[in-house]
8 protein chains.
Amino acid sequence: MKKIIIGAATAAVVAAGTFGAVSANASAPQAAPAAPAAAVAKKADAVDDNLRQTTHLTIEAATEAAQAALKAAEKENQRVSVAVVDRNGTTLVTLRGDGAGPQSYESAERKAFTAVSWNAPTSVLVGRLAQAPNLKDIPGTLFLGGGVPVTASGAPIAGIGVAGAPSGDLDEKFAQAGVEALNS
Amino acid sequence: MKKIIIGAATAAVVAAGTFGAVSANASAPQAAPAAPAAAVAKKADAVDDNLRQTTHLTIEAATEAAQAALKAAEKENQRVSVAVVDRNGTTLVTLRGDGAGPQSYESAERKAFTAVSWNAPTSVLVGRLAQAPNLKDIPGTLFLGGGVPVTASGAPIAGIGVAGAPSGDLDEKFAQAGVEALNS
Amino acid sequence: MKKIIIGAATAAVVAAGTFGAVSANASAPQAAPAAPAAAVAKKADAVDDNLRQTTHLTIEAATEAAQAALKAAEKENQRVSVAVVDRNGTTLVTLRGDGAGPQSYESAERKAFTAVSWNAPTSVLVGRLAQAPNLKDIPGTLFLGGGVPVTASGAPIAGIGVAGAPSGDLDEKFAQAGVEALNS
Amino acid sequence: MKKIIIGAATAAVVAAGTFGAVSANASAPQAAPAAPAAAVAKKADAVDDNLRQTTHLTIEAATEAAQAALKAAEKENQRVSVAVVDRNGTTLVTLRGDGAGPQSYESAERKAFTAVSWNAPTSVLVGRLAQAPNLKDIPGTLFLGGGVPVTASGAPIAGIGVAGAPSGDLDEKFAQAGVEALNS
Amino acid sequence: MKKIIIGAATAAVVAAGTFGAVSANASAPQAAPAAPAAAVAKKADAVDDNLRQTTHLTIEAATEAAQAALKAAEKENQRVSVAVVDRNGTTLVTLRGDGAGPQSYESAERKAFTAVSWNAPTSVLVGRLAQAPNLKDIPGTLFLGGGVPVTASGAPIAGIGVAGAPSGDLDEKFAQAGVEALNS
Amino acid sequence: MKKIIIGAATAAVVAAGTFGAVSANASAPQAAPAAPAAAVAKKADAVDDNLRQTTHLTIEAATEAAQAALKAAEKENQRVSVAVVDRNGTTLVTLRGDGAGPQSYESAERKAFTAVSWNAPTSVLVGRLAQAPNLKDIPGTLFLGGGVPVTASGAPIAGIGVAGAPSGDLDEKFAQAGVEALNS
Amino acid sequence: MKKIIIGAATAAVVAAGTFGAVSANASAPQAAPAAPAAAVAKKADAVDDNLRQTTHLTIEAATEAAQAALKAAEKENQRVSVAVVDRNGTTLVTLRGDGAGPQSYESAERKAFTAVSWNAPTSVLVGRLAQAPNLKDIPGTLFLGGGVPVTASGAPIAGIGVAGAPSGDLDEKFAQAGVEALNS
Amino acid sequence: MKKIIIGAATAAVVAAGTFGAVSANASAPQAAPAAPAAAVAKKADAVDDNLRQTTHLTIEAATEAAQAALKAAEKENQRVSVAVVDRNGTTLVTLRGDGAGPQSYESAERKAFTAVSWNAPTSVLVGRLAQAPNLKDIPGTLFLGGGVPVTASGAPIAGIGVAGAPSGDLDEKFAQAGVEALNS
């Protein structure tokens with residue numbers, strides 16, 4: 001497995017007078033000039049049983065989705081917060097809308113987290129509590145309408161959460177507008 | 001971008017009587033029978049400017065690395081804890097060694113987090129505090145020897161942290177044994 | 001002070017079948033069709049010694065600033081996270097850039113918080129620790145270059161924080177690009 | 001947008017030998033000698049689509065309201081704590097009444113937070129849980145009588161919470177006495 | 001020890017249809033119509049080696065002190081937050097002054113906590129760090145000028161903390177104005 | 001109010017070469033050689049409307065009660081943890097019994113906190129949830145049998161909590177044994 | 001009790017130039033060359049009423065159990081996380097399986113904690129909530145199927161938790177595979 | 001390994017109508033009537049490579065040590081808090097002494113944790129910071145005199161921490177009095 005190089009080698013590079021993060025990174029962003037997909041394919045293919053690839057939204061796409069959700073809410077004069085999290089549950093984008101209630105920010109994050117965890121809209125997940133009511137005790141979750149998953153090839157890669165409108169149905173309508181922005 | 005499907009469609013599937021997570025997932029594990037790398041390549045290539053691929057250790061590899069670090073310590077009669085985190089800072093594996101001090105567990109996680117954040121061994125990063133002493137106030141970090149990054153194509157994809165030996169140098173020697181296990 | 005109405009009166013309105021937040025709000029957004037400034041002036045003038053007005057960035061402006069900071073970093077091939085907080089220290093926007101280290105997200109928020117708290121770039125604030133080293137123990141702060149305040153009439157109304165580049169100077173250059181986007 | 005000045009300019013001022021916060025501030029308090037409302041109006045009007053004004057209670061008004069609530073409780077020999085939070089959910093004033101139970105302090109803050117989040121008394125909000133029981137899982141909330149919103153022009157600008165009396169109805173009666181003190 | 005009665009007896013009383021706290025309390029407030037001091041004396045004297053009396057500020061006094069500190073700051077055009085904590089480190093009063101920086105609120109509480117813990121102004125305590133620098137790692141403390149103890153018979157019974165002015169000396173001057181208000 | 005002395009005066013004393021807490025204290029322990037109750041009475045009487053006295057268990061009594069509860073459990077071969085908190089909700093004593101489950105320690109503290117907050121055994125308080133189910137969302141509380149209040153003159157001055165036995169009734173029986181030890 | 005030696009004596013040893021933990025430890029691992037059990041027996045027997053012995057899984061056994069649980073899940077194409085905790089509730093091993101949802105990691109730890117606390121599978125414990133619904137409010141617990149205890153001589157010595165499969169029954173089946181690996 | 005029985009078997013027992021913890025436990029307390037040491041020896045010897053034994057203080061011994069430390073302080077008119085933690089860093093006993101400062105309680109726990117982590121008095125450990133200053137950033141630690149380890153056969157089995165006296169030397173003297181009580 002030649003491509004995994006121990007830290008000591010890297011350290012020689014980074015010790016040369018900087019104190020921040022090294023910008024090199026294992027991702028293969030689309031903006032790179034040449035054949036990135038092929039490169040990824042080759043690495044994953046030839047090299048290494050120790051590695052796996054995962055798919056994520058770019059920050060540009062995540063921001064676009066969040067803004068679309070916020071705009072959908074503003075069009076209906078609703079004041080909401082929006083969050084996008086990745087499949088790790090890590091927050092990528094948050095937008096606290098003008099005039100949104102203070103409870104909306106963390107609610108949006110938790111709805112997004114919940115949707116991506118179970119790959120289903122939170123409005124659907126609320127229904128599952130009838131069978132397993134204590135699911136809602138899992139840290140980081142919130143079982144209220146307003147969270148929807150983003151999928152690629154049927155698998156969850158992100159969650160979008162919206163909170164602050166007068167009903168979870170409205171929140172979820174705005175979150176779905178965010179998802180749709182990714183398809184246009 | 002046809003392959004991103006909104007949550008509502010997925011919901012129809014998951015509503016059918018289960019309350020756990022849907023197992024489908026965007027990763028492309030090597031164990032899959034056919035040409036996964038090609039599939040990834042195709043998706044990233046043809047489909048979608050909204051997506052990016054990132055590289056991770058498999059849980060099997062991460063566990064193997066952690067166990068190698070622990071064994072290296074045991075060989076020298078040192079009692080340590082070991083942690084492996086991914087490039088998101090998310091913990092993949094922890095092992096609390098027999099008889100390791102109670103401070104070692106969270107220390108190991110933080111060293112691993114610190115190493116992967118700056119793509120350098122923590123023993124090197126300690127030296128950078130001379131220039132920027134407040135780096136050590138960043139939440140989740142610990143600037144003590146014992147953390148090393150794992151890289152692929154020169155970019156950090158994981159961190160291994162060891163804590164509990166009488167010196168940071170020893171801890172780091174064991175962490176590097178973990179990295180080396182990935183190369184054999 | 002006629003315009004402050006007790007909650008019971010409001011309750012009659014909100015009890016009518018919704019469970020979300022009421023969207024009415026004391027802010028006076030510029031998008032309102034008619035004379036909002038006059039309305040604000042009148043209320044503040046005529047009514048009420050109990051009230052004060054404060055100035056904030058709109059979410060649209062805050063997002064624009066955050067995106068400008070992120071783009072400035074990307075132009076130099078740096079991978080960073082960005083945060084915008086208001087004068088209350090409340091986070092308005094976060095953007096976790098593609099490939100930014102896991103330590104960057106909370107660092108960006110704390111730098112923004114620190115800059116708006118003391119109305120100065122964090123690179124300047126680092127220097128003040130010579131006099132009062134324990135300032136850095138104040139919860140929520142981070143004394144590393146990369147945070148800049150946004151001011152209106154000389155007073156701080158927001159902070160922009162960037163983290164993840166190899167030096168605080170670079171981070172702060174990107175944060176300032178965010179501030180400048182508000183002036184163009 | 002001339003009135004937003006980047007931090008560097010401000011920094012020149014603040015670097016001159018102090019280490020605390022700069023006292024200038026974007027608010028326009030009523031105590032200022034001349035035409036503050038007009039000044040606010042002009043800035044919001046002429047300058048800047050990036051800015052919005054929000055309305056808050058002065059600390060003097062918030063304290064007066066909290067004291068009125070506490071006195072109303074004392075008159076009925078009830079021992080309570082009182083909190084006032086603003087529309088951001090940020091606590092402005094807390095008063096731990098003599099002999100109030102240890103659970104009352106944080107309860108009062110949460111009731112105030114809940115009331116201002118949904119612009120309704122918490123006694124009303126309890127009823128909404130029939131429709132959406134998981135609202136009560138939103139961080140920072142408490143669905144027990146004793147919280148009331150303060151409004152200006154119908155929009156929520158603050159919340160007052162009281163806790164410690166033998167019933168939520170009593171708590172809420174005292175909180176309303178706090179709101180009424182703002183109207184007299 | 002006849003006066004300590006087990007909970008079961010009390011329970012009979014409180015079970016009668018209320019769900020809040022019982023208002024009876026072991027404190028002996030001065031406002032009680034008759035001879036409270038004597039009653040206290042008698043109880044402490046005659047009854048019970050298991051009991052001890054401690055002295056606290058009334059909430060009225062604590063509020064008065066906090067307001068005096070805030071006013072002293074406002075007189076000098078400084079925007080600060082103020083906190084009063086008791087000898088247990090429990091917060092009694094907080095006032096977030098108009099326009100005070102977001103870092104000031106928790107700073108004020110911690111300065112008050114620190115002052116009452118060591119019965120000395122925090123400006124003095126800063127000096128002790130030369131001998132024992134790790135004192136500042138004790139949870140809840142902040143070693144910056146601005147906290148002063150309140151004493152009764154030479155022993156600490158409360159702490160007042162102020163934060164937000166351009167220097168700790170100024171903050172502490174305002175905190176002392178709060179203490180002095182108790183003596184007038 | 002001569003007896004409240006500002007911190008500056010005290011500071012002169014404590015600056016003389018120590019860095020710990022000053023041992024003088026406003027409490028009036030029974031062990032003091034002469035007439036402490038009288039002294040307290042005089043101070044409260046003559047001096048100062050700003051002060052109030054509260055009654056607490058001595059640490060000796062609290063420890064004795066905790067040990068009695070633990071012994072009662074051991075006599076029935078139950079493995080439990082025990083906690084005693086004061087009327088502020090501050091923990092005075094904890095005992096983690098041999099072999100008690102890991103959940104028992106914090107449970108004991110919370111039961112004690114709950115009992116002293118509402119001055120009733122937690123077994124009684126559980127019943128009140130029928131009326132106000134969200135009481136159990138108050139931070140720090142636990143509505144399970146096993147907590148009992150300690151009272152003086154009918155007012156709550158402490159709580160004793162026991163956890164770890166197979167039923168809350170058993171836990172509460174042991175907690176009451178702790179209370180009874182104070183009466184013997 | 002000769003074998004308990006005060007810290008001062010030990011300090012002489014450890015002061016000699018190391019800063020890590022001393023590796024000597026009171027445990028008696030089976031790998032030690034000679035008669036460890038006898039040594040333990042002798043110490044416990046002859047010496048000291050102050051000491052007690054407790055039984056734990058070795059890290060090797062705990063890792064083996066965790067890996068067996070993970071493999072059982074992978075065999076059924078389920079993506080889960082696994083945790084093993086000891087009788088103290090302290091985490092020994094965590095494994096975040098490839099593609100497991102972000103909610104699974106902490107869920108697995110809590111299920112393991114819950115199972116070892118009450119020495120029963122969490123699927124059984126869910127049923128007990130009918131009698132005592134507030135058991136689920138105990139910090140650290142999670143009442144969902146997927147946690148099983150490990151016992152020695154009938155007493156709980158560890159818990160294994162699995163989370164991430166579509167049902168708690170599946171999770172628990174995998175956790176039991178982990179337990180069974182210890183018996184083979 | 002016959003003696004490890006899966007949870008399902010145990011569950012049959014515990015399902016019979018109780019909801020608390022099962023009291024059986026793997027420890028072998030000295031109070032058991034017959035040959036417990038031999039039993040331990042046999043189990044560890046004959047059975048199972050998966051198990052290890054560790055040594056702990058009994059709760060009775062830990063309480064005795066804590067009380068001895070507190071008494072030593074009281075004899076010198078010092079007001080302190082005391083904590084005893086085990087080798088896992090888990091708190092066994094806490095005693096908040098009458099009149100001890102509010103900072104003392106958590107300080108005592110952290111000193112005890114630090115002493116048992118490195119098997120040295122904290123006064124010695126302070127000296128090691130010269131070599132590795134960031135050791136003090138490890139969560140849960142406090143590098144101030146006042147913590148001492150308790151050892152058995154030279155290995156750490158517990159830590160005793162004292163805080164609240166005017167110097168760390170005094171605190172540590174009292175903590176050592178606690179250790180000595182175990183030897184008498």
Side-chain angles (χ1 to χ4, degrees), chain E residues 44 48-57 83-92 109-122 124-143 147-161, chain H residues 70 74 77-81 83 91 94-115 118 121-130 132-147 161-172:
Chain E
D48 199 338
D49 282 0
N50 290 334
L51 301 183
R52 53 193 279 273
Q53 302 288 321
T54 60
T55 302
H56 303 269
L57 284 183
V84 183
V85 308
D86 69 14
R87 173 60 176 167
N88 278 316
T90 306
T91 302
L92 299 179
E109 271 188 315
R110 290 189 174 218
K111 289 176 180 179
F113 179 92
T114 307
V116 77
S117 289
W118 284 280
N119 196 16
T122 49
V124 170
L125 293 168
V126 168
R128 292 189 200 172
L129 296 177
Q131 291 172 258
N134 302 331
L135 276 179
K136 81 192 189 77
D137 296 333
I138 297 177
T141 65
L142 183 63
F143 284 77
V148 294
V150 177
T151 55
S153 307
I157 61 166
I160 301 178
Chain H
L70 185 61
E74 286 170 349
N77 290 315
Q78 298 301 336
R79 300 166 187 275
V80 302
S81 293
T91 301
T94 60
L95 300 178
R96 188 186 299 264
D98 295 337
Q103 88 293 355
S104 64
Y105 187 84
E106 192 167 350
S107 296
E109 272 188 313
R110 292 190 170 217
K111 289 176 181 179
F113 180 94
T114 306
W118 285 279
T122 49
S123 61
V124 170
L125 293 168
V126 168
R128 292 189 201 173
L129 296 177
N134 303 330
L135 275 179
K136 79 191 193 78
D137 296 333
I138 296 177
T141 64
L142 184 63
F143 284 77
L144 284 172
V162 174
S167 79
D169 286 350
L170 269 176
D171 284 331
E172 200 155 307

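Here is the naming used below: chain letters follow the sequence lines, and residue numbers restart at 1 for every chain.
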Legend entry - Between CG on residue E:Asn134 and OG1 on residue H:Thr114, distance to nearest 0.5 Å: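 Answer rounded to 0.5 Å: 10.0 Å.
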Legend entry - Distance in Å, E:Asp137 CG paired with H:Asp137 CG, rounded so as to fall on 0.5 Å steps: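 Interatomic distance, E:Asp137 CG to H:Asp137 CG, rounded to 0.5 Å: 7.5 Å.
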Legend entry - Heavy-atom pair of closest approach, residues E:Arg52 and H:Gly99: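 For E:Arg52 versus H:Gly99, the nearest heavy atoms are NH2-N, 3.3 Å.
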Legend entry - Which atoms of E:Asn88 approach chain H - backbone, side chain, both or neither, heavy atom under 4.5 Å: backbone
